[in-house]
Every structure is written in structure tokens, then in C-alpha cells.
Amino acid sequence: MKCRKCGDTAALELRRHNAAFCSPHFIEFFRKQVREAIRQHRMVTTEEPILVAVSGGKDSLALWDVLIEEGYATAGLYLDLGIFDYSVESRAKCEAFASARGQRLIVERVEEAMGAPIPVVQKVTRRPTCSACGLSKRYLMNRAALAHGYAVVATGHNLDDEAATLFGSVMHWQTDALPRQSPMLPSTHPKLARRVKPLYRLSERETAAYAFLRGIDYIVEECPFARGATSLAHKEVLNRLEEASPGAKHNFLFGFLEKARPAFERAEGVTLVECASCGQVTTGTICAFCKLADHVKRAAPS
Ligand code: Q46
Ligand code: ZN
Ligand code: ZN
């Protein structure tokens, strides 16, 4: 197999693009996809500093690497979920990455904000772990962006993640979730940061290859709570489709974004107000994070 660009031996074949690339040209291809995502959805301007949410995994560190290389001013945000060794190791990967590149890493601890780490939150509430965790992450990301003066937060969601989320929402016809499925969620309130996903055009395999070729040291283990999550089953189904028909995931996600998503957008926007307890945006009086934190404090007094 030869590189499409230079004819050298290819390092990676991309079946859905019907192409193969050598290492330097794959890196170039990868960055071009990120540039294209940013341009098409007007994710950030070149002057805007970006807060990059990093988990220590391949996707978020690959994203941070590209944004630094593309010349953006960035800082990393690591959310310490308090999930046993997984959190200790993933934080160490983020710290090593940041210090090797002279970047700032902001760390927020769920335990400090919520009163307990995620495994305890799971025990005292009846919520599925990932739902309480996801809620906490979204809340802390926005809070950190506001506190440190960032108008935009970037996350490492890739094509596989986005296609799997879409598949899950469609399987259950969660019509409320469909309009929020987007590579760019604009700010709809002065206290709400814009959220962007510059890797949404790139597959998990491609982000892994990029991280490997760039010598990024990332945590390979998944969060222990990810096992058995339905999102993994959805990814498996999509992987089988992709195997049989390269480009299936891309067509599913991009077809939705281009043709179907507008149909689910509600004419009357949701009115956001400030939470009476913490001042962050919410649709009710007290935000979901404060309610959960209150529940945790009552159930597990320290
Ligand atoms: S960190 Fe949190 Fe994930 Fe672990 S508990 Fe679930 S949501 S799986 S990306
Ligand atoms: Zn080449
Ligand atoms: Zn609140």
C-alpha cells in the first residue's frame, strides 16, 4: 500500500476515504480534518483561548496536541472524578503532557464540588454512574471555563463517540437529545461557555494512530464504569456495520447533522436562568448538580 500523497509505504489505510497515508501525511491529514471541523462550524477564532477538557485518554490528548500545534492558546482542564487508580493514573498522564509542553493544567475535583467522589455518589444515589458523572463533568467544565475566563471548552469526542450517542438517542427516540447532538453548541446565556468537538470528523482508530505517531503517552485502560455501558454495545454494532460497509458511521452521523437535525430543533428555545444556590445556568430554580450534591450530602454526611 502506498501513501496517496507521496507514494511512500503507507502506515495507515483509511477505507472510508479510500486512501492510505505514510506517517507524516497521515498527521497532516488529521490536522486538516480538525481545521475543517473548526472552520465549518465556526468553533473558535484564532485569537480565542481554548479550555481543553482532558481525561488522560488518547482522544483528548490528541486534540490538545493538535490545538497547540495549530497555534491556539490553550489550557487543559482535568476533572478528577475520584475513580480509584484510574483517576490517579489518568491525572498523572495529563500532568506529564502539560508540563512537557509548557501548558497550564487546571484540576477540579468532583469530591470537592459534590461532597463525594463518583463511586460514592453512585452508591448513595440511584442514578446510573455515568449519568451522575456526565452531569458533574458538564457542570464543572462550564464552571471552570467561567472562573478562568474561557468562552469555549473543547472536548475530545470523536466520530465513533458521536455516532454511538446518536444511535442511542435514535434507539430510544430521545427527541430532546437530538437537537443537542452537534459538533458545536453555541452559548445561549452569558454564563454558558460554548462547547466544541473538533475531532468529530475523525474515528477512534485515527485518533489512536495520531496519538501513537506523535508519541503521546496516554492511559489505555478505560474507566472501570465504562464496562457494560450501553454506549459500548452501540459502538460494537456500528463497528460491524463499518466493517461491512466502510463509511457507514460517517454517513449516519453526517447525514443526521446535514439533513435531519434541523427537523428536531424546537422553535421556542429553552429559557435559562441562574440557579438559586450556585448561580450557574439551569432551567429550573435549583440546578441538577446542586440537587445531586444535596442528595449526596444528606445521604453521606461527612
Ligand atoms: S468517566 Fe464517568 Fe465516563 Fe467513567 S463513570 Fe461513566 S461517564 S465511563 S466517559
Ligand atoms: Zn506520504
Ligand atoms: Zn446550582
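Start at 1 with the first residue, then count along the sequence. These values consider heavy atoms only, across backbone and side chains, with no hydrogens, waters or symmetry-generated copies. Order of appearance sets the numbers: ligands from 1, and atoms from 1 within every ligand.
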Item to check | With Glu206, the salt bridge (charged side-chain N to carboxylate O under 4.0 Å, His left out) member among Arg31, Arg201, Arg16 | outcome: Arg16
Item to check | Arg261 to Phe264 six-membered ring, cation-pi geometry met (6.0 Å, 45°) | outcome: no
Next on the checklist: Regarding Lys197 and Asp161, does a basic nitrogen lie under 4.0 Å from an acidic carboxylate oxygen?
Outcome noted: no
Checklist entry - Just which atoms of ligand 1 are under 4.0 Å from any heavy atom in Ala226? => result 8 (S)
Item to check | Pair Arg180 + Glu265, salt bridge at N-O below 4.0 Å | outcome: no
Item to check | Ring center gap for Phe212 and Phe26 short of 6.0 angstrom | outcome: no
Next on the checklist: Run Gln181 and Ser169 through side chain to side chain donor-acceptor pair (under 3.5 Å) and show every step you take.
Outcome noted: CA-CA 9 Å; Gln181 169 111 31; Ser169 303; 4.6 Å; no
Next on the checklist: Tell me the protein heavy atom at minimum distance from atom 3 (Fe) of ligand 1, and give that distance in Å.
Outcome noted: Lys137 NZ, 3.7 Å
Checklist entry - How far is atom 6 (Fe) of ligand 1 from its nearest protein heavy atom, and which residue and atom is that? => result Cys130 SG, 2.2 Å
Checklist entry - Counting only heavy atoms, which portion of Glu222 has something under 4.0 Å from ligand 1: side chain, backbone, both, or neither? => result neither
Checklist outcome for this item: Of all protein heavy atoms, the one nearest atom 4 (Fe) of ligand 1 is Cys223 SG, 2.2 Å
Next on the checklist: Give the atom numbers and elements of ligand 1 that come within less than 4.0 Å of a heavy atom of Leu81.
Outcome noted: 1 (S)
Item to check | Side-chain ion pair, Lys235 and Asp160, N-O less than 4.0 Å | outcome: no
Item to check | Numbered atoms of ligand 1 (with element) below 4.0 Å of Cys133, judged on heavy atoms | outcome: 1 (S), 2 (Fe), 5 (S), 7 (S)
Checklist entry - Among the protein atoms near the Zn ion (ligand 2), how many are N, O or S and lie under 2.8 Å away? => result 4
Checklist entry - Can you tell me if Arg194 uses its side chain to pair, donor with acceptor, with the backbone of Met43 under 3.5 Å? => result yes
Item to check | Identified salt bridge (charged side-chain N to carboxylate O under 4.0 Å, His left out) partner of Glu108 from the options Arg91, Arg143, Lys137 | outcome: Arg143
